Amino acid sequence: MKTPYQPQDIESKWQQYWEDNKTFEVDSNTDKPKFYLLSMFPYPSGVLHMGHVINYTLGDAIVRYHKMLGEEVLSPIGWDSFGLPAENAAIRLGIPPEENTRNNITRMRVQMKRAGWGYDWRRELATSHPGYYRWTQWLFLQFFKKGLAVKKQAPVNWCPNDQTVLANEQVHDGCCERCGTEVIQKDLSQWFFTMSTMAQRLLDNHEKLSQWPDSVIKMQQEWIGRSEGARIDFTVTETGDKVPVFTTRPDTVFGVTFMSIAPEHPLVEKLVIGTPQEEKVMAEVKRMRQMGTSVKELVGMEKEGVFTGFHITNPVNGDKVPLWVANFALMSYGTGAVMSVPAHDQRDYEFAKKYDLPIKVVIKPEDIDLDPKTMTEAYVSEGLQINSGPFDGKPNKAAMPEIINWLDENGFGAKTINYSLRDWLLSRQRYWGVPIPIIHCNDCGAVPVPEDQLPVTLPKSVEFKPTGESPLKQCTDFINTTCPSCGKPAKRESDTMDTFVDSSWYMYRYIDPRNEDAVFDSDLVNKWAPVDFYIGGIEHATMHLIYSRFFACVMQDMGLIKFQEPAKRLFCQGMVCKTSHYCNTCKWLHETEVKDGKCSKCGETVVSEVSKMSKTKLNTVSPDEIMNKFGADTMRLYILSDTPPDRERIWSEDGVQGAYRFLRRLWDLVHDKMPDLETTKDGDSSNDKNLLRVTHNTIKQATGDIDQNIQFNTALARIYELVNAIKSANNCSGKALREAIETVLKVLSPITPHICEELWSKLGHTQSLLDSSWPKVREEALKEDEITVVVQINGKVRGKLAVAPDISKDDLLAMAKADEKVAPMLEGKQIVKEIVVPKRLVNLVIK
RNA sequence: GCGAGAGUGGCGAAACUGGCAGACGCGCUGGACUUAGGAUCCAGUGGGGCAACCUGUGGGGGUUCAAAUCCCCCCUCUCGCACCA
């Protein structure tokens with residue numbers, strides 16, 4: 001009996017069915033081929049947004065497709081639940097982070113189930129759960145034992161608002177990526193993972209990542225920033241202090257006319273203190289260090305510096321050149337000191353011009369001479385060495401390796417490869433994170449907490465006030481302890497870990513989530529990992545996706561895992577955007593507050609633009625609202641239709657409507673056709689053939705689009721074609737009609753599982769669609785009796801021929817020439833060339 | 001500045017290895033039906049033209065029988081990085 005399409009009823013019914021039948025629960029010990037799909041886990045903010053919807057719907061569709069291929073599919077979900085928002089909520093609202101997080105997870109779990117995303121919920125994990133962070137601490141201790149976790153004094157990025165240190169990756173445009181406050185520099189003793197030692201390996205391993213997007217690989221390469229060159233050891237003329245520099249242009253070493261060092265360089269204070277120029281230099285240094293590092297400031301920033309009063313001896317020629325503190329020298333790159341060659345480096349050139357420093361040419365173009373007095377910019381192209389001692393007359397490019405060898409032989413320096421990748425600063429002066437399992441003892445130093453005492457549990461009663469120190473520092477019960485080594489009173493480390501540590505290994509814990517004896521069972525992890533298909537946002541390209549690669553390398557070295565890349569295939573989904581409206585007086589407006597391009601509150605003209613959905617821009621759409629109105633299937637269908645999932649998508653209310661109407665039409669269509677399926681009489685054979693050809697073409701195209709291209713928009717286009725074909729199919733056999741309809745339900749089911757399951761069961765099936773198999777293409781069904789071949793004259797289409805697919809070239813040509821539209825155009829002309837592309841076209845070139 | 005990607009109807013977009021540009025959908029136009037619905041069905045829909053036909057994939061050149069697709073130059077937009085020595 002036909003009932004109207006009631007998505008909510010159907011959806012809760014099938015969600016219950018999947019739960020009751022443990023459909024998404026995975027047997028780790030299965031013999032079936034395995035497939036591990038992972039969508040990046042969410043931060044439990046308390047409410048799903050459309051970014052989650054695209055991420056998890058895409059993942060779920062691929063999971064369901066692979067289940068239908070007969071694979072054992074692991075699809076877990078969890079919570080990246082440590083982090084600042086929960087702590088900020090505690091400060092603002094007084095809700096303890098743990099409670100807040102728990103409530104948020106509960107709410108979001110309900111939403112996720114409602115969306116029909118199939119997960120093995122038995123494997124759910126939260127990084128803030130002691131059962132999880134115990135092993136984060138354990139891993140930290142392994143890193144510590146291997147010397148990969150070290151504490152060192154370093155200038156760090158400090159957010160004055162969040163009162164915490166930020167990793168370089170968390171600073172955007174000189175501002176905190178979370179709150180937007182301008183970041184300042186501060187010297188602190190901090191824990192680091194020595195990730196920079198892994199730079200080359202991370203770079204080399206990119207070749208294993210052929211199924212990652214090129215853009216991500218490129219970004220990582222740039223981030224790791226390998227450059228080849230030389231270290232050259234200069235000395236302070238007056239004191240003999242060594243000043244090593246890194247340069248990619250050792251061929252210009254004879255042209256050094258001054259040296260620039262970063263304001264933070266330790267040598268500055270060491271040299272200048274107690275000299276007459278101390279006051280002036282230190283004042284300048286202080287000013288330079290306070291200057292922002294934001295893009296805007298840097299671009300327009302004038303090169304500035306101050307002379308230290310000291311000189312530097314160039315080892316290669318004994319030249320004595322002035323030592324300057326310069327704002328363009330970066331402490332964080334190379335050695336913090338730059339050999340400055342104004343003739344051949346534009347920055348050095350500008351600096352030299354400004355402070356009237358000498359310019360010495362050591363590379364000249366072949367045909368002309370360069371005069372420092374008339375040069376208007378640095379000469380950075382290739383040329384011949386001059387004023388370069390033993391290398392005069394040689395082309396600079398060829399001389400480069402010789403110069404490096406010569407530096408090495410004479411003890412002046414050595415070949416060096418420099419990386420921009422820095423060590424990973426993981427200390428955070430905040431409460432809501434994993435406590436670093438270290439005890440500081442006056443006698444024994446930094447002592448690791450013994451493994452049998454893990455986890456070091458976060459205390460619950462703490463005072464949440466941003467003081468610049470971890471709230472844990474105020475918590476004496478937590479802080480005061482005894483040294484595990486000597487037994488004397490000692491203090492616990494009060495900093496917690498960057499949450500990126502938590503997310504660097506979660507993909508393995510899902511495989512063995514409740515193991516209390518080990519971080520995980522290595523055999524199981526080696527069986528299921530690496531992740532076959534990893535889905536997440538491009539914003540993680542240089543953070544999470546480098547950190548977790550680093551972890552995998554270390555864990556492989558430790559023997560925990562046998563591979564060194566966490567994911568075989570990576571897919572980055574696009575952002576969900578929507579038009580936002582801005583009024584100069586009333587600021588951001590809801591769509592409903594805009595009438596005819598004017599603000600309905602003040603009447604002013606509104607500026608509208610498409611931008612990423614965000615709370616501040618008031619252009620978000622709530623998944624709950626969509627599910628209430630139309631159901632989860634409509635939301636899922638809409639989010640995967642129209643736009644390829646890796647591209648930015650612009651939200652359209654009409655598009656959602658369209659998706660809903662399609663499902664309703666499908667519902668009606670299947671019900672209407674049901675009586676016809678029972679007829680045993682033969683239909684018209686050519687009608688059957690046509691319907692089945694469309695059916696199998698849909699299977700062929702849609703399978704490729706889902707499996708390889710991850711293009712649900714085009715897969716859906718083929719499904720729509722098939723639905724249209726079913727709609728207009730008359731006088732077909734019940735068998736053919738059934739095959740066509742069941743194909744629609746199968747191929748559509750990964751996208752809109754609930755309605756498909758319901759219709760599938762109404763067609764008499766007692767098992768879930770997920771227990772049926774993905775349809776296979778019957779090649780003979782694709783064969784066409786007649787195809788259209790285009791006839792062109794001089795490349796323009798002039799006629800069309802309906803022919804048998806296996807027609808001979810000669811016959812085809814003859815038919816083309818005889819075509820009623822073509823023939824008259826050939827009269828009196830000479831055919832110069834005849835091109836026949838079988839099954840496609842005939843092109844006649846005439847004069 | 002460096003690196004990457006993109007530019008196709010009113011809109012989201014298709015187009016295999018160079019072979020009928022605009023699949024599929026939204027919107028729109030006209031019609032049908034009606035239990036008047038956020039419905040359904042039929043027809044049309046790149047632009048110009050009554051038409052035959054002409055024209056059309058950011059702009060300009062080129063290769064080719066044939067170019068959205070390949071090559072060169074230019075423009076615009078998006079993203080990432082950025083005083084990297």
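Since this is a predicted model, take the numbers as computed values, not measurements. Sequence lines set the chain letters: A, B, ... in the order given, protein chains first and strands last, and positions in each chain run from 1.
Residue contacts shown for A:Ala659 are absent, as no nucleic acid heavy atom lies under 4.0 Å away. Nucleic acid contact for A:Phe246: base, since at least one base atom lies under 4.0 Å from a heavy atom of the residue. Counting non-hydrogen atoms under 4.0 angstrom, A:Asn724 reaches the backbone sugars and phosphates but no base. Within 4.0 Å of A:Gln346, counting heavy atoms only, lies no atom of the nucleic acid at all. When heavy atoms are screened at a 4.0 angstrom cut-off, A:Val837 is found touching base atoms of the nucleic acid.
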| Quick one: what's the B/S/- string for nucleotides 37-56 of chain B, heavy-atom cutoff under 4.0 Å, read 5' to 3'? | -BSSS------------SS-
| remark: Readout for nucleotides 9-15 of chain B: B = base within 4.0 Å of protein heavy atom, S = sugar-phosphate only, - = neither; 5' to 3' it is ---BSS-
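Taking only side-chain nitrogens and oxygens, A:Tyr333 comes nearer than 4.0 Å to OP1 or OP2 of B:A85.
For the residue pair A:Thr579 and A:Ser608, no side-chain donor N or O sits within less than 3.5 Å of a side-chain acceptor on the partner. Using a 3.5 Å distance cut-off with no hydrogens or angles, the side chains of A:Ser227 and A:Tyr333 do pair a donor with an acceptor.
Residue A:Thr257 comes nearest to A:Pro322 through the heavy atom pair O-CD, 3.4 Å, listed as atom of the first residue, atom of the second, then distance. In plain terms, the two heavy atoms of A:Ile404 and A:Ala230 that are nearest each other are CG1-CB, 4.2 Å. The two residues A:Thr335 and A:Val245 make their nearest non-hydrogen contact at OG1-CA, 3.4 Å. The shortest heavy-atom contact between A:Ser196 and A:Asp423 is OG-OD1, 2.6 Å.
With rounding to whole Å, A:Trp651 atom CH2 is found 20 Å from B:G25 atom P. Taking atom CD1 on A:Ile217 and atom C1' on B:G5, their separation rounds to 16 Å, with Å as the unit. To the nearest angstrom, P of B:C84 lies 10 Å from CG of A:Asp348. Atom NZ in A:Lys847 sits about 14 Å away from atom C1' in B:C65, given to the nearest Å. Put simply, CD on A:Glu350 is 14 Å from P on B:G1, counting in whole angstrom units.
Of all nucleotides listed (B:G80, B:C20, B:C81), B:C20 comes nearest to the side chain of A:Lys800. The A:Asp654 side chain lies nearest to B:G27 when the options are B:G27, B:G19, B:C84. Ranking B:C84, B:C65, B:A4 by closeness to the A:Ser215 side chain, first place goes to B:A4. Counting only heavy atoms from C-beta on, A:Trp223 has its side chain closest to B:A82 among B:C83, B:A4, B:A82. Nearest to the side chain of A:Glu222, among B:C65, B:G3, B:A85, sits B:G3. Listed nucleotides: B:G19, B:A85, B:A23. Nearest to the side chain of A:Glu721: B:A23. In the set B:C65, B:C20, B:C24, the nucleotide with an atom closest to the side chain of A:Thr788 is B:C20.
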| field | Criterion side-chain contact (heavy atoms from CB on, under 4.5 Å) on A:Ile538 and A:Met219, from CA distance to verdict | value | CA-CA 10 Å; A:Ile538 188 77; A:Met219 276 191 239; 3.8 Å; yes
| message | A:Phe351 vs A:Trp324, test: ring pair (Phe, Tyr, Trp, His ring centres under 6.0 Å). Steps then yes/no. | response | CA-CA 10 Å; A:Phe351 196 86; A:Trp324 285 67; 5.5 Å; yes
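Atom P of B:A4 sits at a distance of 14 Å from the matching atom of B:C71, rounded to the whole Å. For the P atoms, the distance linking B:U57 with B:U8 amounts to 11 Å, nearest Å. The P atoms of B:C74 and B:A82 are separated by 27 Å, rounded to the nearest whole Å. Nucleotides B:A67 and B:A21 place their C1' atoms 11 Å apart, quoted to the nearest Å. B:C50 and B:A15 are spaced 33 Å apart, taking the C1' atom of each and rounding to whole Å. Taking atom C1' on both B:G10 and B:G3, the two are 35 Å apart, rounded to the nearest angstrom. Nucleotides B:C24 and B:A14 place their C1' atoms 8 Å apart, quoted to the nearest Å. The same atom, C1', is picked in B:A66 and in B:C73; the two are 24 Å apart, to the nearest Å.
Electrostatic pairing of A:Lys821 and A:Asp819 does not count as a salt bridge here, judged by no charged N lying under 4.0 Å from a carboxylate O. One finds a salt bridge joining A:Glu721 and A:Arg718 here, because a Lys/Arg side-chain nitrogen approaches an Asp/Glu carboxylate oxygen to under 4.0 Å.
With a 3.5 Å limit on both pairing distances and Watson-Crick or G-U wobble geometry required, the stems of 3 or more pairs in RNA chain B span B:1-7 with B:75-81, B:10-12 with B:24-26, B:27-32 with B:40-45, B:46-48 with B:53-55, B:58-62 with B:70-74.
Residue A:Lys700 qualifies as open at atom NZ: its count of foreign heavy atoms under 6.0 Å is 12 or below. Around the NZ atom of A:Lys727, the shell of radius 6.0 Å holds more than 12 heavy atoms that belong to other residues, nucleotides or ligands. Atom CG of A:Asn709 sits in a crowded spot, with more than 12 heavy atoms from other residues, nucleotides or ligands closer than 6.0 Å.
Comparing A:Lys218 and A:Asp345, the nucleotide of RNA chain B nearest to each residue sits closer to the 5' end for A:Lys218. If A:Ala329 and A:Met219 are placed on RNA chain B by their nearest nucleotide, the residue sitting closer to the 5' end is A:Met219.
The base of B:C65 sits within donor-acceptor range of the side chain of A:Asn843, with an N or O pair under 3.5 Å.
With its glycosidic angle more than 90° from 0, B:G30 is assigned anti.
Taking CG of A:Asp319 as the start and CZ of A:Phe254 as the end, the distance is 9.5 Å to the nearest 0.5 Å.
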